[in-house]
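Data first, discussion second: the structure below is written as structure tokens.
Each chain gets a letter, A, B and so on, in the order its sequence line appears, and its residues count up from 1. Values below: every heavy atom of this structure, side chains too, minus hydrogens, waters and symmetry copies. What you see is a predicted model; the values in this text were computed from it and never measured.
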Number of protein chains: 2
Amino acid sequence: MSNVPLPDAQATLGALLRRPYEYLQTKVYGGLAARGFPDIRPAHSSLLRYIRPEGSRVVDLAERAQITKQSMAYLVGDLESLGYVTVVPDPDDGRAKRVVLTSRGQAVWATLIELSQTLEDHCADLIGTADMATLRRILQDLSQALGPRD
Amino acid sequence: MSNVPLPDAQATLGALLRRPYEYLQTKVYGGLAARGFPDIRPAHSSLLRYIRPEGSRVVDLAERAQITKQSMAYLVGDLESLGYVTVVPDPDDGRAKRVVLTSRGQAVWATLIELSQTLEDHCADLIGTADMATLRRILQDLSQALGPRD
DNA sequence: TTTTAATAGACAGAAAGTCTGTCCATTTAC
DNA sequence: GTAAATGGACAGACTTTCTGTCTATTAAAA
């Protein structure tokens, strides 16, 4: 009687988005490991995605990554101990510090972007460049429509 | 000199996929909480996504969700203690057990699907039904092209 | 200008969710 | 009928997140 799980949990929009997202995630972090950055983990992307060239404060990073400042502070400490970032005092605010990428941090950042591009090119090969362009366009429209922040 | 973070980590395909994915995730679990299921957490979706009406074994769930059987066993134990699933012996295999949704589990499952559909409809309103259909079509093609499993 | 608010971060502790490693019971294969 | 494979249980660890509290400093208000 109870044939409940069948309108297919695999056909939701969320499921469709998850598949390529996890593919990219796996390939990117695998690629980083293969290129000499085996200690960079997915959690670190919360910092790497939002850090600015001139350095960023912990609160700002936390807010953009949508996690608590304590969680971001943990990631900063972790990446600091791994040699990817340094923390320097903020010249404009005695309370604050700035998180800055070391040269190794810049290297990992550049590799991240390069891998992302390569992976996207691979996907474009699979579905065609026209569809990839359309996919990007629609996702961008959707992001915009969802608002800059919830 | 070092203007490294600027080819824009926010413009990658991964970033574009993440935005709507996290939106859906937030809204779905918020919606579940609002509808009387505040104890269902995102991690539980690894089980809820793959459980079958006739019940599923832990190893099967783990394999489909791409986590270890120990991790899946943890989720099973958790959902069992919350009253969403029960574990019954597998009639065909003395070693095995079957994880089965309780009626409350079926209720949360149905609510999950309903929320997903409502959210997708909302997105379709934002970008138009034509674009939503195209988005689905392309994501489905991409999933297919990426292969059934890595 | 002093007092009060808000802000940036540090520290402590806890919890969720994942992993590895080991073990037993049962089933399948030779 | 023994050996290998399989489903699951148990123990322990680690990562990543959270809440709560605290200090130092800055900004706002009196």
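- Scanning for side chain to side chain contact (heavy atoms under 4.5 Å, CB included) contacts around D131(B) gives R137(A), I138(A), D141(A), I127(B), with sequence neighbours left out.
- A search for salt bridge (Lys or Arg N to Asp or Glu O under 4.0 Å) contacts involving R18(B) returns nothing, not counting sequence neighbours.
- Legend: residues meeting side chain to side chain contact (heavy atoms under 4.5 Å, CB included) with L112(B), ordered by chain and number and at least two apart, are V28(B), L32(B), L48(B).
- Non-hydrogen atoms lying under 4.0 Å from DNA chain D are contributed by nothing in residues 31-46 of chain B.
- With rounding to whole Å, I67(A) atom CD1 is found 12 Å from dT19(D) atom P.
- Every residue two or more places apart in sequence or in another chain that forms a side chain to side chain contact (heavy atoms under 4.5 Å, CB included) with S45(A) is listed here: Y29(A), R49(A).
- For S46(A) (side chain) and A65(A) (main-chain N/O), no donor-acceptor pair under 3.5 Å exists by modelled atom type.
- In this structure, the side chain of R104(A) does not engage the main chain of G83(A) through any donor-acceptor pair within 3.5 Å.
- By the side chain to side chain contact (heavy atoms under 4.5 Å, CB included) test, D125(B) pairs with no residue at all, sequence neighbours left out.
- Contacts between residues 68-85 of chain A and DNA chain D, defined by a heavy-atom separation under 4.0 Å, are made by T68(A), Q70(A), S71(A), Y74(A), L75(A).
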Nucleotide N/O of nucleotides 25-28 of chain D paired with protein N/O under 3.5 Å:
unit_1	atom_1	unit_2	atom_2	d
dT26(D)	OP1	G94(A)	N	2.6

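- Remark: D39(B) pairs with no residue by the salt bridge (Lys or Arg N to Asp or Glu O under 4.0 Å) rule, at least two apart or across chains.
- Other cluster members for V59(B): none, since no ILVMFWY side-chain heavy atom sits under 4.5 Å from it.
- Think of the region where chain A sits on DNA chain C: with heavy atoms and a 4.0 Å cut, that region ends 5' and 3' at dA6(C) to dC11(C).
- Taking five base pairs at each end of the helix from dA6(C)-dT25(D) to dC30(C)-dG1(D), the local helix axes there meet at an angle of 20°, rounded to 10°.
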